[in-house]
Colleague: 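Pasting a structure here, questions to come.
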Amino acid sequence: MVTVLLLVLIAALSYTLGCLNGSLIISRRIFGVDIRSMGSGNAGATNFFRSFGRAGLLEVLAVDIGKGALAAFLGGILLGLTAPEQADVAYYREVGRAFATFCCIMGHVFPAPFGFRGGKGILCGMACVFVMEYHAGIICLLIFAVAVAATRYVSLGSVLGALSVPVTALAQGFSSLSMLLVCFSVALVVLKHYQNIIRLIQHRESKIDFRPDVSHKLDSEDF
């Protein structure tokens, strides 16, 4: 009974943290607009950067990374309290982190306070993975960085990085329940990139431009 109650608590906390979408919050607070009305319409860091440049980007990263790390950390601690024997603590913490990761991504992708229209779960998901299994986090980040640097397709890097997580988790000896939760999380992220994958196949996907946007300065006398 205690385990069930703690699982409900973890789900509620992690989903609530996931709903704290950095792009939505910062775009409204700093620029007074909803990021979903701009660019691709996605409430994610990539669309935020394309729409506003570097202004406010650090705040977006801090919110999304911070909430993911906190959710996974709390999930592991809370479920670990239910371990019947000391030998089972590691297993319970692993499952707690994996469950919290899935719930946090759900909150980011389908945030109730924002009409269930959120982002695609990459930043918060990657932060969760670093807490859940840091080897998987490092490999995911490296694959993401290499893919984006080589192709400038953020979506491609995101999908490839996400798909690497179950492989690393399996290699690190994750339990079957944890693996199932990890696969659910990755499936959710990949499905949210469905349209991006179609555009990649059709060679219509937009590439990221890391150069600062100075178009707003063209009319300035000091430019």
Colleague: Side-chain contact, heavy-atom cut-off 4.5 Å: Leu141 with Phe130?
Modeller: yes
Colleague: Using the salt bridge (charged side-chain N to carboxylate O under 4.0 Å, His left out) rule, collect all pairs that involve residues 117-136, keeping only residues at least two apart or in two chains.
Modeller: none
Colleague: Minimum heavy-atom separation for Leu17 and Lys67, please, with both atom names.
Modeller: O-CD, 3.0 Å
Colleague: Report whether Val182 and Phe99 are members of the same hydrophobic cluster (ILVMFWY, side-chain heavy atoms less than 4.5 Å apart, transitive linking).
Modeller: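 In one cluster with Val182: Phe99, no.
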Colleague: Around Arg29, counting heavy atoms of other residues, nucleotides and ligands shown, do more than 12 lie under 6.0 Å from its CZ?
Modeller: no
Colleague: Is a side-chain donor or acceptor of Asn42 paired with a backbone partner of Asn47 at a separation under 3.5 angstrom?
Modeller: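 A pair under 3.5 Å: no.
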Colleague: Please say whether more than 12 non-hydrogen atoms of neighbouring residues, nucleotides or ligands are located less than 6.0 Å from CZ in Phe114.
Modeller: yes
Colleague: Please say yes or no: joined through hydrophobic side-chain contacts below 4.5 Å, possibly via intermediate residues, are Met179 and Val167 part of one cluster?
Modeller: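 Unlinked, Met179 and Val167 end up in two clusters.
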Colleague: For a side chain to side chain contact (heavy atoms under 4.5 Å, CB included) with Leu7, tell me which candidate from Leu78, Leu79, Val2, Val95 qualifies.
Modeller: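 Per the side chain to side chain contact (heavy atoms under 4.5 Å, CB included) rule, the option paired with Leu7 is Leu79, out of Leu78, Leu79, Val2, Val95.
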Colleague: So which heavy atom on Pro111 is nearest to which on Cys19, and how close?
Modeller: CA-SG, 3.7 Å
Colleague: Would you call Leu177 and Tyr91 a side-chain contact if the rule is heavy atoms closer than 4.5 Å?
Modeller: yes
Colleague: Quick one: sort the Phe102 and Phe184 rings into parallel, tilted or perpendicular, breaks at 30° and 60°.
Modeller: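 Ring orientation, 0 to 90° scale: tilted.
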Colleague: Around Phe110, counting heavy atoms of other residues, nucleotides and ligands shown, do more than 12 lie under 6.0 Å from its CZ?
Modeller: yes
Colleague: For the hydrophobic clusters of this structure (ILVMFWY residues joined by side-chain heavy atoms under 4.5 Å, transitively), does one cluster hold both Ile143 and Leu200?
Modeller: yes
Colleague: Can you find a heavy atom in the side chain of Pro166 that is under 4.5 Å from one in the side chain of Phe174?
Modeller: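 They are not in contact (no side-chain heavy atoms under 4.5 Å apart), so the answer is no.
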Colleague: Do you reckon Val33 sits in the same ILVMFWY cluster as Val60, going by side-chain contacts under 4.5 Å, direct or chained?
Modeller: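 Linked, Val33 and Val60 end up in one cluster.
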Colleague: Taking all atoms of both residues into account, what is the closest heavy-atom pair of Ser23 and Ser27, and its distance?
Modeller: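 Looking at all heavy atoms of both residues, the shortest contact is O-OG, 2.8 Å.
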Colleague: His193 versus Ile122: any side-chain heavy-atom pair under 4.5 Å?
Modeller: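 SC-SC contact between His193 and Ile122 confirmed.
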Colleague: So, Tyr15 side chain and Ala112 main chain: donor-acceptor pair closer than 3.5 Å or not?
Modeller: yes
Colleague: Using the side chain to side chain contact (heavy atoms under 4.5 Å, CB included) criterion, which residues pair with Leu163? Sequence neighbours excluded.
Modeller: Val159, Val186, Val190
Colleague: Should Ile208 and Phe52 be regarded as members of a common hydrophobic cluster, given that ILVMFWY residues are connected when their side-chain heavy atoms come within less than 4.5 Å of each other, either directly or indirectly?
Modeller: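 Yes, one cluster joins them.
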Colleague: I'd like to check Leu9 versus Leu5 (side-chain heavy atoms, cut-off strictly below 4.5 Å). Are they in contact?
Modeller: no
Colleague: Is the shortest side-chain heavy-atom distance between Arg199 and Ser155 below 4.5 Å?
Modeller: no
Colleague: Look at the side chain of Asn21 and the backbone N and O of Gly118, then say whether any donor-acceptor pair between them is shorter than 3.5 Å.
Modeller: no
